[in-house]
There are 10 protein chains.
Amino acid sequence: MITTIVLIQAEPKSIPKTAAALAGIEGVTDVYSVSGEWDLIAMVKVAEYAQIAEIVTEKFPTVPGLVRTTTLTAFRAYSKADLEQAWDLGVD
Amino acid sequence: MITTIVLIQAEPKSIPKTAAALAGIEGVTDVYSVSGEWDLIAMVKVAEYAQIAEIVTEKFPTVPGLVRTTTLTAFRAYSKADLEQAWDLGVD
Amino acid sequence: MITTIVLIQAEPKSIPKTAAALAGIEGVTDVYSVSGEWDLIAMVKVAEYAQIAEIVTEKFPTVPGLVRTTTLTAFRAYSKADLEQAWDLGVD
Amino acid sequence: MITTIVLIQAEPKSIPKTAAALAGIEGVTDVYSVSGEWDLIAMVKVAEYAQIAEIVTEKFPTVPGLVRTTTLTAFRAYSKADLEQAWDLGVD
Amino acid sequence: MITTIVLIQAEPKSIPKTAAALAGIEGVTDVYSVSGEWDLIAMVKVAEYAQIAEIVTEKFPTVPGLVRTTTLTAFRAYSKADLEQAWDLGVD
Amino acid sequence: MITTIVLIQAEPKSIPKTAAALAGIEGVTDVYSVSGEWDLIAMVKVAEYAQIAEIVTEKFPTVPGLVRTTTLTAFRAYSKADLEQAWDLGVD
Amino acid sequence: MITTIVLIQAEPKSIPKTAAALAGIEGVTDVYSVSGEWDLIAMVKVAEYAQIAEIVTEKFPTVPGLVRTTTLTAFRAYSKADLEQAWDLGVD
Amino acid sequence: MITTIVLIQAEPKSIPKTAAALAGIEGVTDVYSVSGEWDLIAMVKVAEYAQIAEIVTEKFPTVPGLVRTTTLTAFRAYSKADLEQAWDLGVD
Amino acid sequence: MITTIVLIQAEPKSIPKTAAALAGIEGVTDVYSVSGEWDLIAMVKVAEYAQIAEIVTEKFPTVPGLVRTTTLTAFRAYSKADLEQAWDLGVD
Amino acid sequence: MITTIVLIQAEPKSIPKTAAALAGIEGVTDVYSVSGEWDLIAMVKVAEYAQIAEIVTEKFPTVPGLVRTTTLTAFRAYSKADLEQAWDLGVD
């Protein structure tokens, strides 16, 4: 699966509704309201790379209260297994 | 569980090793190399809020190649169920 | 208690009224008008982590004059006691 | 009392020690490690405005691990009492 | 040919239409929807330097949904041939 | 093919050599020195999404003179054909 | 006296009028139109720290054409006398 | 006289010494340590425009502890007299 | 003569007209449409420093399509003659 | 001729020498020390577009004291003649 992390600024008054609407879109696995400069973070997981365009540039913009997004596509996911392969990093 | 999303800038030459080391830390569920201004994103999930401080301000800084982090704590996770509760948003 | 510091930009003409309204919200302990790029800072203290979402993403946005917020959640509070534990830092 | 809120960037590896040292300085009431772009926030409360210069521009810089600070001086503190004075804001 | 890379922010709801319209302009060879802070990237290739002004400052602004652009003009294109000329860089 | 556009800051003194070295990497189709805040732009085209990670996070950092990169992955490429499908935009 | 320097962005068409209006406010000693990112700089001098709040957060916002301000409160004023006290800095 | 306002970032440990040294330079009338993103503000007043270059680009850089400056030249100074000339702005 | 360089953001649809109008203002010697974050650059040359205020803060804002400006006043102009005076810099 | 405007940050202590050295480079017509965030501005005029690459990416980086540059290439120069062609803009 290809993971994409979307940082979202929403209208302050509609954060819960915008979040709930995003969570209803096919391919969106999680939506969090978060601290910091962004209001929401959506996690998108798809089988085919081509599906990202439809979700992020066609479905997301239809959600009321959505102001601005920055999309970070994940190139690779790392796990504990990668750690055993890597050299010893002295992390307790 | 409380989720925290950590945006990470790493030394360009050590991205894979830094990612693998982060993935080995207790509480870290996923580490992705990503497009955009940040190099890595780490997902941290803990039972107790107090655990975040130890992971993010004490364990992460010991990882070689880690340059700068911005931590976004998740206040609430939204799901499809929330969508049924919310009013109809005309999202197909 | 979990502390959250909220940096707030408000409509210039409504800073005092916006500040007074924020101060009336349950969980808000202090509101200051401040120098610098932000107009107001609100201190929020809650017993349960889950309460932050309701205050910051549902109550704050209903306050007239509130334009933009950035929320900083406190992981740990440090006190003089921590200083005695730490190594000698040569601070008079 | 005059309140000053100091946003602090510290060396990642020395955040706990830097925080503890700051907490030991006369006039500093609280130090928090926080999420977001800054690492620490220090709350300073003094009786005389002139004391801020000594604490922020002379004492803070002697603390090991301190990289950069932005100081926000509080002009006024607002409380619930101010709310009763202000017009009804329809905040439950 | 002189290449120009135009970074484009568009109205979220009209990204596909804006992209298609840009692709129809003489001199535009490719238009991509992209991750990150920008929504679209247009590649412009012209024979004469003077043509850039007409495309970027006169044609682009007529495209509906176009919000802001930053234009990067390419001074030189580098190819593998340049690599053989350059000294050995130890790149496998 | 999946296209990725990499914005690159390089050591001022080594721009031509860094560009030539990047052009020699498998998957890199073009490298331009450009005006504006960035020094170089590299165009990467791969058949499989998984190849991007290896090129951008493992090969690029080995190139001497490379300081910082921001990678924009292309979701979709638009062409004149898309224009005929879209509504008439009154663009001569 | 406590000095405060207020950096001001004004509506481009009303800079002279906005400046003249600011100059008429009690406590404002100088107003300059300036080069750079800001349009105006106002110098405020007051006897009591508490007066700053009234001038900056209540009077300034009533001035037509005022868009955004950033207030820098002065902690200490340095003079030539301080120089004699300080060590020799080799400044001719 | 032509007024110039210089925003200064200094080495945190040398703010008082840097301020005192700046205050000793011919043409500098005031130096303040300030809140916010900058550490110091220097006010420079000269009779001839040509003198600014010598003070700001030749004298200032010789002062130890000076890291970065942004210079704002004042085009015009506004006073209460200008207010009487301007239209009534309803400022009490 | 005193030179001032004005960086200008204009309404995308009116760049040519805004540029032509600026070029018609007394004291403006050149207006360029440019690549990068700004749309236009105007070169202003005046005999007396006081003239800058009138041109930049009173004439420019009357030009239709002008959105935002940042003005850079030139302290000194350097020429080849200065090079002969300076030490040998090994520039071929 | 094709005009290019280069915004330059230089080592504070070497601004005059860096400016003089830049002024000695073929194609550079003017170099100014300026107010604001940048230290110097160089005006480059060349007959052939290809010459810009050599001057900006190969000659400039050899000049001692040069830290960072942002190059703005001019697409078109506007003059008073363009004003007569444009519609009446009511600019006295």
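Below, chain A is the first sequence line, B the second, and so on; all start at residue 1.
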Donor-acceptor pairs under 3.5 angstrom involving side-chain atoms of residues 40-49 of chain G: please list them, not counting sequence neighbours.
residue	atom	partner	partner atom	Å
G/Lys45	NZ	G/Thr3	OG1	3.4
G/Lys45	NZ	H/Tyr32	OH	3.0
G/Tyr49	OH	D/Ala74	O	2.7

- prompt: For the atom pair OG (H/Ser33) and CG (G/Leu72), what is the distance rounded to the nearest 0.5 Å?
  reply: 11.5 Å
query: Distance from H/Leu7 atom CG to G/Trp38 atom CH2, nearest 0.5 Å?
result: 10.0 Å
- request: Would you mind telling me which of G/Val31, G/Thr29, G/Thr70 has the largest number of heavy-atom pairs within less than 4.5 Å of chain H?
  value: G/Val31
task: Kindly give the heavy-atom pair with the smallest separation between G/Tyr78 and H/Ala20, and that separation in Å.
output: CD2-N, 4.2 Å
- request: Name the region of H/Thr4, side chain, backbone, both or neither, that has any atom closer than 4.5 Å to a heavy atom of chain G.
  value: neither
Close contacts, residues 50-57 of chain H versus chain G, judged by heavy atoms under 4.5 Å: none
- prompt: Which atoms of G/Thr71 come close to chain H, meaning under 4.5 Å heavy atom to heavy atom: side chain ones, backbone ones, both, or neither?
  reply: backbone
